[in-house]
Amino acid sequence: MRKLRAFMGGCRNVSRGVAIAALLAMVLSGSFAAADEGWLVDFEAAKQQAAKEGKSILMEFTGSDWCPPCIALKKKVLDTDVFKTRAPEKFVLLKLDNPNDKSKQTPAEIAQYRKLADEFKVSGVPTIILADNEGRPFAKNVGFGGQEPAAYVENLEGQLANRAKRDELLAQAAKAQGEDRAKLLDQALAVVDAELAVSRYAAEVQEITKLDGENKAGLKGKYEGVVKAAEVRKAIMGIRRLGPTAEALAEFEKIITTLKPEGEALQEVLVGKGLITAQLGDKAAGKAILEQALAAAPNSRMARGLAQFLATQFKDAEESKEEAPKAEKAPAKP
């Protein structure tokens, strides 16, 4: 009964019929645990409610009991009256949690997190994704910068314009043909990052590459590159379980030879390879590989942090290298 009251209390901004239907779906299936007040935990139920009420979905990917920014976001924004009052007016709230303590989650909820985190390309938490009632994203926000609740909600509300812009461009694309249609579809997908677009807008991406079959607009090459980058990142995730081992190094080399990544994708592979090489004791070789990684995509989001890492973490090794010749030239003590 306590779970029932919490659920119904959190549904005060939705129709009673929808609330009861969503509750019955979860109880009868036995698939999902009770959500926090005002939040659903079932993606399909969230899509149905969003379609019924004409709202978008706010998906929070979080690590509720171990991630400091996630805990701060919940305390400073999501649990405030400002958020609880304003957000449900525009969004159906969906909590997707990946806690260390999974005792309060069902197997279905745990499996759902893994599936959706992969599909929505979630590489860190907290991640907030705004999606339409079909689950197609139109905004992605990673991390928490300490914003005040009102400012945070205003930013989310402002991102609803992304959905309107996307829909307008898709409507224009429906009336266009050939390369013009491909360009409009590409502009529509630009509301989210390219890798997320490939994952959640597969039909549009396939049409773009088909319409620009000879790559005259550069769109076929663009999306083929994104698809390859996604394959590379997935392979990297699989290597992490091996830890700093010779086997992991061999797997990184395999990615390079088989997938032939370029740019940022190559940079990510080389960073993994370089770090493990250094961890296994060959700091000079590890540094050289990381320098190759920096050169592969010097203007990437990773590049600045990588440059700082090279300057600080390998400083002692450089100083030792500089001092070595001096020590050899020093006169012997009588």
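Along the sequence shown, the residues carry numbers beginning at 1. Only this structure's heavy atoms are used, side chains among them; waters, hydrogens and symmetry mates stay out.
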CG on Leu184 to NZ on Lys175, rounded to 0.5 Å
11.5 Å
Compare every heavy atom of Thr245 with every heavy atom of Leu242, then report the nearest pair and how far apart it is.
O-CG2, 3.1 Å
Leu93 side, atom CG; Leu78 side, atom CG - distance, nearest 0.5 Å
8.5 Å
Side chains of Tyr223 and Asp212: do they bring a donor and an acceptor to under 3.5 Å?
no
Using side-chain heavy atoms (C-beta onward) and a distance below 4.5 Å, is Tyr201 in contact with Leu185?
no
Is Ile57 close to Leu130 at the side-chain level, that is, under 4.5 Å between some pair of heavy atoms?
no
Taking every non-hydrogen atom, the tightest pair across Ile239 and Ile255
CD1-CD1, 3.5 Å
Do Leu96 and Val41 have side chains that approach each other closer than 4.5 Å (heavy atoms only, starting at C-beta)?
no
Close side-chain approach of Gln292 and Leu270, heavy atoms under 4.5 Å
yes
Passes side chain to side chain contact (heavy atoms under 4.5 Å, CB included), Lys210 versus Lys220? Steps please.
CA-CA 8 Å; Lys210 181 178 179 181; Lys220 180 180 180 181; over 6 Å; no
Separation of Ser56 OG from Arg163 CZ (nearest 0.5 Å)
4.0 Å
Test: Asp118 and Lys234 ion pair at under 4.0 Å
no
Quick one: list whatever passes side chain to side chain contact (heavy atoms under 4.5 Å, CB included) with Ala265, sequence neighbours left out.
Ala229, Val232, Pro261
Pair Asn141-Gln159, side-chain donor/acceptor within less than 3.5 Å:
yes
Below 4.5 Å, heavy atoms only, C-beta onward: do Glu60 and Leu94 meet side chain to side chain?
no
What do you reckon, is CD of Glu148 surrounded by more than 12 foreign heavy atoms closer than 6.0 Å?
no
In plain terms, say whether Glu134 and Lys47 are close enough for a salt bridge, that is, a side-chain N and a carboxylate O under 4.0 Å apart.
no
Shared ILVMFWY cluster between Leu266 and Leu310, side chains joined below 4.5 angstrom?
no
Stepwise, does the side chain to side chain donor-acceptor pair (under 3.5 Å) test hold for Ser64 with Asp97?
CA-CA 6 Å; Ser64 62; Asp97 196 6; 2.5 Å; yes
Pairs touching residues 50-80 that satisfy ring pair (Phe, Tyr, Trp, His ring centres under 6.0 Å), sequence neighbours left out:
Phe61-Tyr113
Minimum-distance pair of heavy atoms, taken over all atoms of Gly221 and Asn215:
N-OD1, 2.8 Å
Between Pro126 and Leu73, the two heavy atoms sitting closest are CB-CD2, 3.9 Å
Could you note down all residue pairs passing ring pair (Phe, Tyr, Trp, His ring centres under 6.0 Å) where residues 267-302 supplies at least one of them, sequence neighbours left out?
none
Gap between atom CD1 of Ile128 and atom CE of Met59 - 0.5 Å precision
10.0 Å
Tell me every residue that passes ring pair (Phe, Tyr, Trp, His ring centres under 6.0 Å) with Phe120, counting only those two or more places apart in sequence or in another chain.
none
Lys55/Glu89 salt bridge by N-O under 4.0 Å criterion
no
Could you tell me which residues satisfy ring pair (Phe, Tyr, Trp, His ring centres under 6.0 Å) with Phe138, sequence neighbours excluded, listed by chain and number?
none
Are any of the side-chain heavy atoms of Val271 and Met302 separated by less than 4.5 Å?
yes
Does Asp132 pair with Arg166 as a salt bridge, N-O distance under 4.0 Å?
yes
Could you state whether Ile71 and Trp39 fall into the same hydrophobic cluster, counting links through intermediate Ile, Leu, Val, Met, Phe, Trp or Tyr residues with side-chain heavy atoms under 4.5 angstrom apart?
no
About how many Å separate CZ of Phe252 and CD1 of Ile276, when rounded to the nearest 0.5 Å?
4.5 Å
Looking at every heavy atom in both Gln105 and Pro99, which two are closest together, and how far apart are they?
OE1-CD, 3.3 Å
If you count every heavy atom of other residues, nucleotides or ligands that lies below 6.0 Å from Glu262 atom CD, does the total exceed 12?
no
Using a 6.0 Å cut-off, check whether atom CG of Asn100 has over 12 heavy atoms from anything other than its own residue.
yes
If only side-chain N and O atoms count, and only distance matters, is there a donor-acceptor pair under 3.5 Å linking Gln267 with Ser300?
yes
Step through the shown structure and confirm whether more than 12 heavy atoms of other residues, nucleotides or ligands are within 6.0 Å of NZ on Lys222.
yes
Leu58 versus Phe83: any side-chain heavy-atom pair under 4.5 Å?
yes
If you measure from CG on Asn299 to CZ on Arg304, what distance do you get to the nearest 0.5 Å?
12.5 Å
Decide side chain to side chain contact (heavy atoms under 4.5 Å, CB included) for Val92 and Leu40; before the verdict, give the C-alpha distance in whole Å, the side-chain angles of both, and the deciding distance to 0.1 Å.
CA-CA 8 Å; Val92 171; Leu40 299 179; 4.0 Å; yes
Please list all pairs passing the side chain to side chain donor-acceptor pair (under 3.5 Å) test where one or both residues lie in residues 70-79, with sequence neighbours left out.
Lys74-Asp79
Kindly determine whether Gln308 and Gln313 satisfy side chain to side chain contact (heavy atoms under 4.5 Å, CB included), including the steps that lead there.
CA-CA 8 Å; Gln308 292 176 343; Gln313 297 301 312; over 6 Å; no
Search all heavy atoms of Gln279 against all heavy atoms of Pro244 and return the closest pair with its distance.
OE1-CB, 3.8 Å
Please determine if Glu109 and Lys102 form a salt bridge, counting it only when a charged side-chain N lies under 4.0 Å from a carboxylate O.
no
Does Glu179 come within less than 4.0 Å of Lys216, counting only side-chain N to carboxylate O?
no
Kindly indicate whether the side chain of Leu294, heavy atoms from C-beta on, has any atom under 4.5 Å from the side chain of Glu291.
no
